[in-house]
There are 2 protein chains.
Amino acid sequence: MTGIDPKNRMGTDDRAADLRAEAFQGVRAARSRELAEDYVELIAELIHDHGEARPVDIAARLGVRVPTVTKTLDRLAREGLITRARYRSVFLTDEGRALARECRRRHEIVLRFLLSLGLDPETAERDAEGIEHHVSARTLALFAAFASKS
Amino acid sequence: MTGIDPKNRMGTDDRAADLRAEAFQGVRAARSRELAEDYVELIAELIHDHGEARPVDIAARLGVRVPTVTKTLDRLAREGLITRARYRSVFLTDEGRALARECRRRHEIVLRFLLSLGLDPETAERDAEGIEHHVSARTLALFAAFASKS
DNA sequence: GAGAATTGTTAGCACCATCTAACATATTGC
DNA sequence: GCAATATGTTAGATGGTGCTAACAATTCTC
């Protein structure tokens with residue numbers, strides 16, 4: 001990830017293009033975080049509800065195959081979000097737990113916001129899942145305020 | 001892309017897990033469409049504003065390198081969204097143009113909605129970029145209604 | 001506790017998106 | 001119109017996410 005040199009002289013609409021490029025880079029960064037966030041959020045939920053998070057359950061809830069989960073868990077472990085032992089279930093590190101909390105909070109705010117807008121629960125859940133990773137702190141604050149006002 | 005067999009018997013919370021899995025599969029599908037949508041939207045804009053869409057400008061605005069653009073354009077051409085000749089700039093097919101229109105419409109609705117919520121323009125633009133690909137038709141309708149009401 | 005069923009891992013494939021380096025083509029400016 | 005500059009392509013690497021098939025470990029059941 002080397003990034004783009006911002007010191008290139010272009011046409012008259014440099015500023016707009018730069019802003020745009022920044023926005024896209026933000027989106028790309030969000031995209032690479034998304035999956036990790038989905039995982040830790042789900043793992044926290046499984047541990048809370050079932051006492052443990054097993055790859056097979058993670059796979060079922062994400063709609064992917066178990067080997068895919070294994071591989072992604074390897075990455076999360078590498079990144080310090082979870083710990084695990086071979087053939088055992090998964091635990092969150094402090095960092096993972098913090099991320100999960102943060103994600104859950106965002107998810108709930110977005111969900112409540114969509115519901116307060118009058119969306120049906122099923123669509124709201126679906127859209128919240130997609131939207132939650134792309135909402136800035138500022139927007140989130142507005143969503144929260146709006147939802148509690150209505 | 002083989003998908004998951006839905007005929008597996010699980011615990012008591014099958015229903016919830018299945019819904020969740022569906023939601024995630026939707027998000028994944030959206031993710032794989034995202035980049036194509038960003039490209040056609042941008043290409044349409046460049047053609048409109050500058051008369052043509054050159055890889056170098058696309059790259060500048062997306063914040064990626066030119067070879068990355070070349071490769072992605074190959075995919076878009078394969079998918080029938082654009083046409084191009086070697087060392088020449090890019091054109092949208094009818095299908096590409098339709099998609100671009102659709103994307104632009106969604107983008108604008110999301111953007112206006114965020115602005116009407118009181119978000120500053122810069123953050124609104126940034127967040128719209130991320131959110132627009134994850135908004136269902138229903139949610140979009142609500143956004144549009146809300147924005148025009150305020 | 002042994003055999004069956006379930007769960008988890010490994011290996012190997014495919015595809016996508018990103019990069020740099022090297023090369024090919026167009027465009028521009030004199 | 002030629003040389004310099006700008007733009008575009010190809011090749012090859014990296015790393016992510018998905019799959020299936022084959023194998024390993026654990027858990028369940030009798």
Side-chain angles (χ1 to χ4, degrees), chain A residues 1-5 8-11 21 24-39 43 46 50-79 81-91 133, chain B residues 1-5 8-11 21 24-39 42-43 46 50-79 81-91:
Chain A
M1 217 166 288
T2 318
I4 288 293
D5 184 351
N8 50 3
R9 351 154 191 55
M10 286 182 292
F24 274 113
Q25 286 176 329
V27 171
R28 264 202 307 286
R31 240 174 254 168
S32 81
R33 253 177 292 119
E34 268 180 80
L35 200 66
E37 295 184 348
D38 289 340
Y39 270 75
I43 289 166
L46 284 171
H50 296 53
E52 63 174 355
R54 302 182 314 161
V56 71
D57 296 322
I58 297 171
R61 276 168 184 77
L62 293 180
V64 299
R65 299 296 186 177
V66 174
T68 302
V69 171
T70 298
K71 218 181 262 186
T72 303
L73 291 178
D74 285 345
R75 168 164 80 94
L76 300 188
R78 226 185 305 134
E79 291 172 0
L81 294 171
I82 63 168
T83 56
R84 57 201 301 253
R86 286 166 59 89
Y87 296 97
R88 292 275 99 109
S89 56
V90 180
F91 302 93
H133 305 284
Chain B
M1 219 166 285
T2 319
I4 287 292
D5 183 351
N8 51 3
R9 357 161 184 48
M10 286 183 292
F24 274 113
Q25 285 176 330
V27 171
R28 265 203 308 284
R31 245 174 250 169
S32 80
R33 255 178 289 122
E34 268 179 80
L35 199 66
E37 295 184 349
D38 289 340
Y39 269 77
L42 175 54
I43 290 166
L46 285 170
H50 295 59
E52 63 173 354
R54 302 182 311 159
V56 69
D57 295 322
I58 297 171
R61 276 168 184 76
L62 293 180
V64 299
R65 298 297 186 175
V66 175
T68 302
V69 171
T70 298
K71 218 179 262 185
T72 303
L73 292 179
D74 285 343
R75 168 162 80 92
L76 299 187
R78 226 185 306 134
E79 292 171 359
L81 294 170
I82 65 167
T83 57
R84 57 205 299 255
R86 286 166 58 89
Y87 297 98
R88 292 277 99 111
S89 57
V90 180
F91 302 92

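Here is how names work: the chains are called A, B, and so on, in the same order as the sequence lines, proteins then strands, and each is numbered from 1.
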Testing D:dG18, C:dG8, C:dT20 for proximity to the side chain of B:P67, the answer is C:dT20
B:Y39, nearest nucleotide to its side chain (from D:dG18, C:dT9, C:dT18):
C:dT18
Return no unless some side-chain N or O of [X] is found under 4.0 Å from OP1 or OP2 of [N].
{"X": "A:R75", "N": "D:dT17", "answer": "yes"}
{"X": "B:T70", "N": "D:dG8", "answer": "no"}
{"X": "B:R84", "N": "D:dT9", "answer": "yes"}
{"X": "A:R86", "N": "C:dT10", "answer": "yes"}
{"X": "A:T68", "N": "D:dC19", "answer": "yes"}

Take the protein atom [atom1] of [X] and the nucleotide atom [atom2] of [N], then report the distance between them rounded to whole Å.
{"X": "A:L76", "N": "D:dG16", "atom1": "CG", "atom2": "P", "result": "11 Å"}
{"X": "A:I58", "N": "C:dG8", "atom1": "CD1", "atom2": "P", "result": "9 Å"}
{"X": "A:L62", "N": "D:dG18", "atom1": "CG", "atom2": "P", "result": "8 Å"}
{"X": "A:L73", "N": "D:dG18", "atom1": "CG", "atom2": "C1'", "result": "14 Å"}
{"X": "B:R78", "N": "C:dC15", "atom1": "CZ", "atom2": "P", "result": "9 Å"}
{"X": "A:R65", "N": "C:dG12", "atom1": "CZ", "atom2": "P", "result": "21 Å"}
{"X": "B:E37", "N": "C:dC16", "atom1": "CD", "atom2": "C1'", "result": "16 Å"}
{"X": "B:D74", "N": "C:dT18", "atom1": "CG", "atom2": "C1'", "result": "15 Å"}

Between A:P55 and A:R28, the residue closer to the 5' end of DNA chain C by nearest nucleotide is A:P55
Looking at every strand, decide which applies to A:V56 at a 4.0 Å heavy-atom threshold: base, sugar-phosphate, or nothing.
sugar-phosphate
Report which part of the nucleic acid B:R31 touches: base, sugar-phosphate, or nothing (heavy-atom distance under 4.0 Å, all strands).
nothing
Check salt bridge (Lys or Arg N to Asp or Glu O under 4.0 Å) between A:R54 and all other residues, then give those that pass, not counting sequence neighbours.
A:D57
Applying salt bridge (Lys or Arg N to Asp or Glu O under 4.0 Å), name anything that partners B:E52, two or more places apart in sequence or on another chain.
none
Decide yes or no for A:V64 and B:F24: does some side-chain heavy atom of the first lie under 4.5 Å from some side-chain heavy atom of the second?
no
Side-chain touch A:R28/B:D38, heavy atoms, less than 4.5 angstrom:
no
Please report the shortest heavy-atom distance between B:L73 and B:Y39, naming the atom on each side.
CD2-CD2, 4.0 Å
Check if the side chain of B:K71 and the base of C:dT18 share a donor-acceptor pair of N or O atoms closer than 3.5 Å.
yes
Using the closest heavy atom to pick a nucleotide of DNA chain D for each, name whichever of A:V66 or A:Y87 lands nearer the 5' end.
A:V66
